[in-house]
Amino acid sequence: MQSFAHSSKKRQARPIAVTAATLASMLTAVALLSPAASADPAPSNWDADAYRGTVDVVKSTGITGEQLIDGIVFEDENKNSTQDTNEPGLKSVSVSNGREVTTTDSQGRYELPAFDNMSVFVTQPRGYQVPVDHNNVAQFSYHHLSEGSPELKFGGLDPTGALPQAVNFPLAKSKLTKSTEQHCLIGGDVQTYDQDEVEYARHGAFADLAQRTDYEGCGALFIGDVVGDDLSLYPQTRELTNVLNGPARFLPGNHDLDYDATTSEHAFDTFKANLGPEYYSFDAGKAHVVALNTVEYPTKQPAAHGDYTGALDEQQLQWLRNDIAQVPKNKVIVIAAHIPLLDYADQSNPKHQVAQVAEIYKMLEGREVVALGGHTHSLENLREGDKTAGWNEAFGVDGLPFTHITAGAISGDWFSGREGENGYPLALQRDGGRPGVLTLDIKNTDVVERFTVRGEDDSVQMALGLNTPAYRAWFDANLANKGKAPAFENPLTVPKSDLSNKTWLTTNFWMGSTGSTVNISIDGAPSTEATRTQAMEGEAQLSGAEFSDPVAAQEQLVNGGSLADRTMHLWRLELPSELAVGAHTAEVTATDVHGREFTQTLSFEVTE
C-alpha cells in the first residue's frame with residue numbers, strides 16, 4: 001500500500017533488550033482446540049502427479065474479417081494439452097473474453113466476440129483441474145494484443161499477431177476439486193522490492209507452504225502486490241511457487257502497475273505477461289472463487305506511484321455481472337481482491353476501498369458470499385452487520401451484508417523491523433498481527449477462516465500484554481521517534497497504585513471478530529470476560545495509546561515499521577486493585593466465532 005513508508009535497506013539486527021519479554025508472549029500460545037492442517041502433513045505426490053501443460057493456441061492461417069474467437073474445452077485424458085481422438089469436449093463450461101461470458105455446447109465448443117487487448121479464459125469447473133506450468137502457475141488464459149504493448153520499462157506483452165484460429169482449453173479430471181471439502185490458501189502482499197526480500201519470502205511463508213498439503217485442490221491465490229514496483233522481479237517471485245503443493249494463481253495490486261503506461265488499457269501488461277489475466281474465476285468443490293482487479297490506473301499523467309484508487313472499470317463490472325449470473329445459487333461465492341471492498345484500517349479513505357462497493361453488493365444479493373482483501377498489511381475479520389462511521393460517510397454503507405476478511409501480508413509490514421534469529425524481519429503488521437497466510441476451510445458452502453503465522457502452527461493466534469500508565473506515557477513521548485525510541489523498561493511489571501481503572505491486560509486476537517469472546521482467569525480464579533475496544537457498531541475508529549497493542553507497539557517504536565495504534569480485534573480487562581504485590585499468572589482463553597478455543601498464559605508482576 002503506497003501511503004505507508006517502506007523500510008529501506010539494510011536492516012541490522014538490533015539488541016532485543018526488554019522487548020523480548022513482550023514478544024515472548026506471542027510465541028508461547030497453546031491451543032486447546034485448533035484446526036488440523038499444517039502439523040504433520042501427509043506425504044504429497046503433487047510434484048510428481050501434477051497436471052502440467054498449457055492452453056492450446058492454434059495460430060491463424062491468415063487474417064479473417066470475422067471478429068470472433070472460438071475453440072473447444074476438452075478433457076485432456078493423456079495430459080498432452082492437445083485434443084486427441086476420442087478426447088471428449090466438455091459441455092456447460094464457462095469461457096469469457098473478459099467482458100462476455102458464454103458456456104460450451106454439447107461438444108465443448110464456444111464462441112465469443114473478439115477484440116484487441118482481450119484476455120480469453122476458462123472458468124475451471126468443479127471436478128476438473130486446469131494445467132499448471134513448471135512453477136505450478138495455473139494455465140487457463142490467452143491474451144490477445146496483436147501489436148504488443150507500447151514501449152514499457154518492464155516489457156509488457158509481446159505481439160500476438162493475427163487472431164488465433166482457435167484457443168482450446170485442456171482440463172483433467174480431478175477428485176481434488178470435486179470434493180465438497182476444500183482448503184483455499186490466500187496469500188496477501190508478497191511485495192518483494194529486491195532479491196533479499198525474495199529470499200525472505202522463500203525461507204518464510206513459502207517454506208511453510210512447502211510443508212503443507214491441504215490446499216492441493218483449491219490451490220493458492222496471491223491477492224496482489226506480488227512485487228514492489230520493480231516488475232523485473234516477477235520471474236524470481238513467480239519461481240517461489242515451484243515449492244507449492246497445489247496450483248498458484250495471482251491477481252494484481254497497486255505495486256504491480258506499469259506506471260509508464262500512458263493509458264489504463266496497458267497498466268497491467270507486464271503482470272499479464274508474467275502471471276495471467278487481471279481478473280477471472282474458478283470453481284473448487286461448491287465454492288466459486290472470483291479474482292478481481294480492484295486497482296484503477298491513475299488518470300493523471302505522468303503517473304506517480306500513489307496515483308491510484310480502488311475501483312473496477314466498466315468492462316470488468318460487465319464481466320462480473322455475467323460471471324455471477326452463471327453461478328448456481330447452491331454455491332458459495334468467494335470474492336478476492338487486492339484493495340478490499342471495504343476495510344476497517346482505512347474506513348474513511350475511499351482511495352483504499354472500492355468505489356463500486358454498493359453496486360457489487362447489489363449484484364450479490366441473496367447469495368452466500370465471503371469477501372477477501374489484502375493491501376492494508378493488516379488482519380481483519382469483519383462479520384455481517386458490522387458497521388463503522390467511515391463506511392457510512394464514504395460509501396453510504398450501513399452494515400456489512402456478509403463476511404469481509406483482510407488477509408494480512410506475507411511480507412508483513414513490508415519486511416520491516418529487526419531481523420530475528422530465523423534470518424528475516426519480524427515485520428509486525430499495522431494491527432499488531434504477525435506475517436502469515438490465510439486459509440479458507442470450506443465444507444460444502446460453510447466457510448471457516450484460519451490464519452497461520454509464518455513459522456508457526458495454527459495454535460498461535462494472539463498476543464498478550466499490559467497497557468499501563470507508564471506504557472501510555474512512553475508511547476505518547478515516542479510517537480515522533482518511531483524506529484528510534486528507547487526500549488520500554490519492564491513491560492510486564494505494574495505498580496500496585498496503577499492497577500484498578502488504570503491498567504489493562506490486553507489480548508490481540510488476530511482473527512477475533514464480532515461473535516468472538518476473550519475470557520481471563522488470574523491466578524486460577526473464575527474467569528472474567530474481557531471487553532473489545534472497537535465494538536464495530538457504527539462508531540468512529542478509535543486510536544491512540546489507550547487502544548493500541550502494547551506488545552506490537554513496543555517492538556515497532558523501537559525497531560521500526562508501522563504502529564499498531566488501532567485495531568478491530570483487541571480485547572482488554574482491567575487488572576483488579578486487590579492483586580497482591582508479587583508474581584501473577586493470567587490464563588487467557590479466546591473463542592472465535594466458530595467456537596474454536598485458544599488458550600495462552602501471561603506472567604506479570606505487581607510491585608510496591
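One is the number of the first residue; the rest follow in order along the sequence.
In summary, of the residues considered (Ile223, Leu292, Asp256, Asp189), a side-chain contact (heavy atoms from CB on, under 4.5 Å) with His338 occurs for Asp189 alone.
Side chain of Ser60 to backbone of Pro164: no donor-acceptor contact under 3.5 angstrom is found. Side-chain atoms of Thr180 do not come within 3.5 Å of backbone N or O of Lys443 as any donor-acceptor pair. At least one donor-acceptor pair under 3.5 Å links the side chain of Glu380 to the backbone N or O of Tyr344. Panel note: side chain Asn381, backbone Met511; a donor-acceptor pair is recorded below 3.5 Å. Side-chain atoms of Thr104 come within 3.5 Å of backbone atoms of Ser92 as a donor-acceptor pair (strictly under, hydrogens ignored). Listed for the Gln429 side chain is a donor-acceptor partner under 3.5 Å among the backbone atoms of Ala409. Remark: the backbone N or O of Val137 is paired with a side-chain donor or acceptor of Gln139 at under 3.5 angstrom. Within the 3.5 Å criterion, the main-chain N or O of Thr403 finds no donor-acceptor partner in the side chain of Arg383. In this structure, the side chain of His404 engages the main chain of Phe402 through a donor-acceptor pair within 3.5 Å. Between the side chain of Gln129 and the backbone N or O of Ser174, no donor-acceptor pair lies under 3.5 Å.
Side-chain contact annotation: Tyr128 with Asp283, donor-acceptor N/O pair under 3.5 Å absent. A side-chain N or O of Ser562 and one of Asp413 form a donor-acceptor pair less than 3.5 Å apart. A side-chain donor-acceptor contact under 3.5 Å links His143 and Asn117. Judged by distance alone, the side chains of Asn136 and Thr241 never bring a donor and an acceptor atom under 3.5 Å apart. Residues Asp343 and His352 bring no donor and acceptor atom of their side chains to less than 3.5 Å of each other. Checking Thr406 against Thr376 by side-chain atom types alone, no donor-acceptor pair falls below 3.5 Å. A donor and an acceptor atom, one from each side chain of Glu181 and Ser179, are nowhere located under 3.5 Å apart. Remark: the Tyr51 side chain and the Asp76 side chain contain an N/O donor-acceptor pair separated by less than 3.5 Å. No donor-acceptor contact under 3.5 angstrom links the side chains of Gln316 and Asn293, judged on distance only.
Taking the side chain as every heavy atom from C-beta outward, Gln326 and Asn322 never approach each other to under 4.5 Å. The shortest side-chain heavy-atom distance between Leu163 and His144 falls under the 4.5 Å cut-off. Residues Pro252 and Val295 have side chains not in contact (no heavy-atom distance under 4.5 Å, counting atoms from C-beta outward). Taking 4.5 Å as the limit, some side-chain heavy atom of Tyr361 sits within range of a side-chain heavy atom of Val397. Within the 4.5 Å cutoff, the side chain of Ile410 has heavy atoms near those of the Val437 side chain. At least one side-chain heavy atom of Gln191 sits less than 4.5 Å from a side-chain heavy atom of Trp414. In this structure, the side chains of Trp319 and Val290 come closer than 4.5 Å at one or more pairs of heavy atoms. Residues Ser411 and His377 meet the side-chain proximity criterion, which asks for heavy atoms closer than 4.5 Å.
In terms of heavy-atom proximity, Asn168 sits nearest to Val55 at O-CG1, 3.4 Å. Taking both residues in full, the closest heavy atoms of Tyr234 and Val226 are given as CE2-CB, 4.1 Å, listed atom of the first, atom of the second, then distance. The two residues Gln182 and Leu176 make their nearest non-hydrogen contact at NE2-O, 2.6 Å. Across Phe121 and Ser141, no two heavy atoms sit closer than the pair CB-CB, 3.8 Å. Nearest heavy atom pair, residue Leu152 against residue His266, reads CD1-O, 4.2 Å. The two residues Tyr259 and Asn254 make their nearest non-hydrogen contact at OH-O, 3.0 Å.
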Walk me through it: do Leu440 and Glu449 pass the test side chain to side chain contact (heavy atoms under 4.5 Å, CB included)? CA-CA 5 Å; Leu440 298 185; Glu449 66 283 352; 4.2 Å; yes
Verify side chain to side chain contact (heavy atoms under 4.5 Å, CB included) between Phe268 and Leu257, making sure each step is shown before the conclusion. CA-CA 5 Å; Phe268 291 101; Leu257 279 161; 3.3 Å; yes
Residues Ile442, Cys184; criterion side chain to side chain contact (heavy atoms under 4.5 Å, CB included); working and verdict: CA-CA 8 Å; Ile442 305 175; Cys184 302; 3.9 Å; yes
Does the pair Ser119 and Glu278 meet the rule for a side chain to side chain contact (heavy atoms under 4.5 Å, CB included), with working shown? CA-CA 8 Å; Ser119 289; Glu278 297 173 55; over 6 Å; no
Starting from the C-alpha separation in whole Å, work towards a yes-or-no answer on side chain to side chain donor-acceptor pair (under 3.5 Å) for Thr213 and Asn245. CA-CA 6 Å; Thr213 62; Asn245 291 306; over 6 Å; no
Test salt bridge (Lys or Arg N to Asp or Glu O under 4.0 Å) on Glu199 and Arg202 and set out the steps. CA-CA 5 Å; Glu199 297 308 311; Arg202 184 190 312 278; 3.0 Å; yes
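A distance below 6.0 Å separates the ring centres of Phe206 and Phe222.
With a 6.0 Å radius and a threshold of 12 heavy atoms from other residues, nucleotides or ligands, Lys331 has its NZ atom above the threshold. Heavy atoms from other residues, nucleotides or ligands lying under 6.0 Å from CD of Glu147 number 12 at most. Few gaps surround CD on Glu314; more than 12 heavy atoms of other groups in view lie less than 6.0 Å from it.
A salt bridge is absent between Asp229 and Lys153: the closest approach of a Lys/Arg side-chain nitrogen to an acidic carboxylate oxygen does not fall below 4.0 angstrom. Salt bridge annotation for Arg52-Asp47: present, with a cationic side-chain nitrogen under 4.0 angstrom from a carboxylate oxygen.
Atom CG in Leu209 sits 12.5 Å away from atom CZ in Arg454 (nearest 0.5 Å). The OG1 atom of Thr452 sits 4.5 Å away from atom CZ of Arg212, with the distance rounded to the nearest 0.5 Å. If you take CD on Glu87 and CG on Leu171, they are separated by 11.0 Å, rounding to the nearest 0.5 Å. To the nearest 0.5 Å, the span separating CG on Leu317 from CD1 on Ile360 amounts to 6.0 Å. Leu312 contributes atom CG, which lies 6.5 Å from atom OG1 of Thr294 (distance to the nearest 0.5 angstrom). To the nearest 0.5 Å, atoms CG (Asn274) and CG (Leu157) are separated by 9.0 Å.
In this structure, Arg249 forms a cation-pi arrangement with Phe282, its terminal cationic atom sitting closer than 6.0 Å to the ring centre and no more than 45° off the ring axis.
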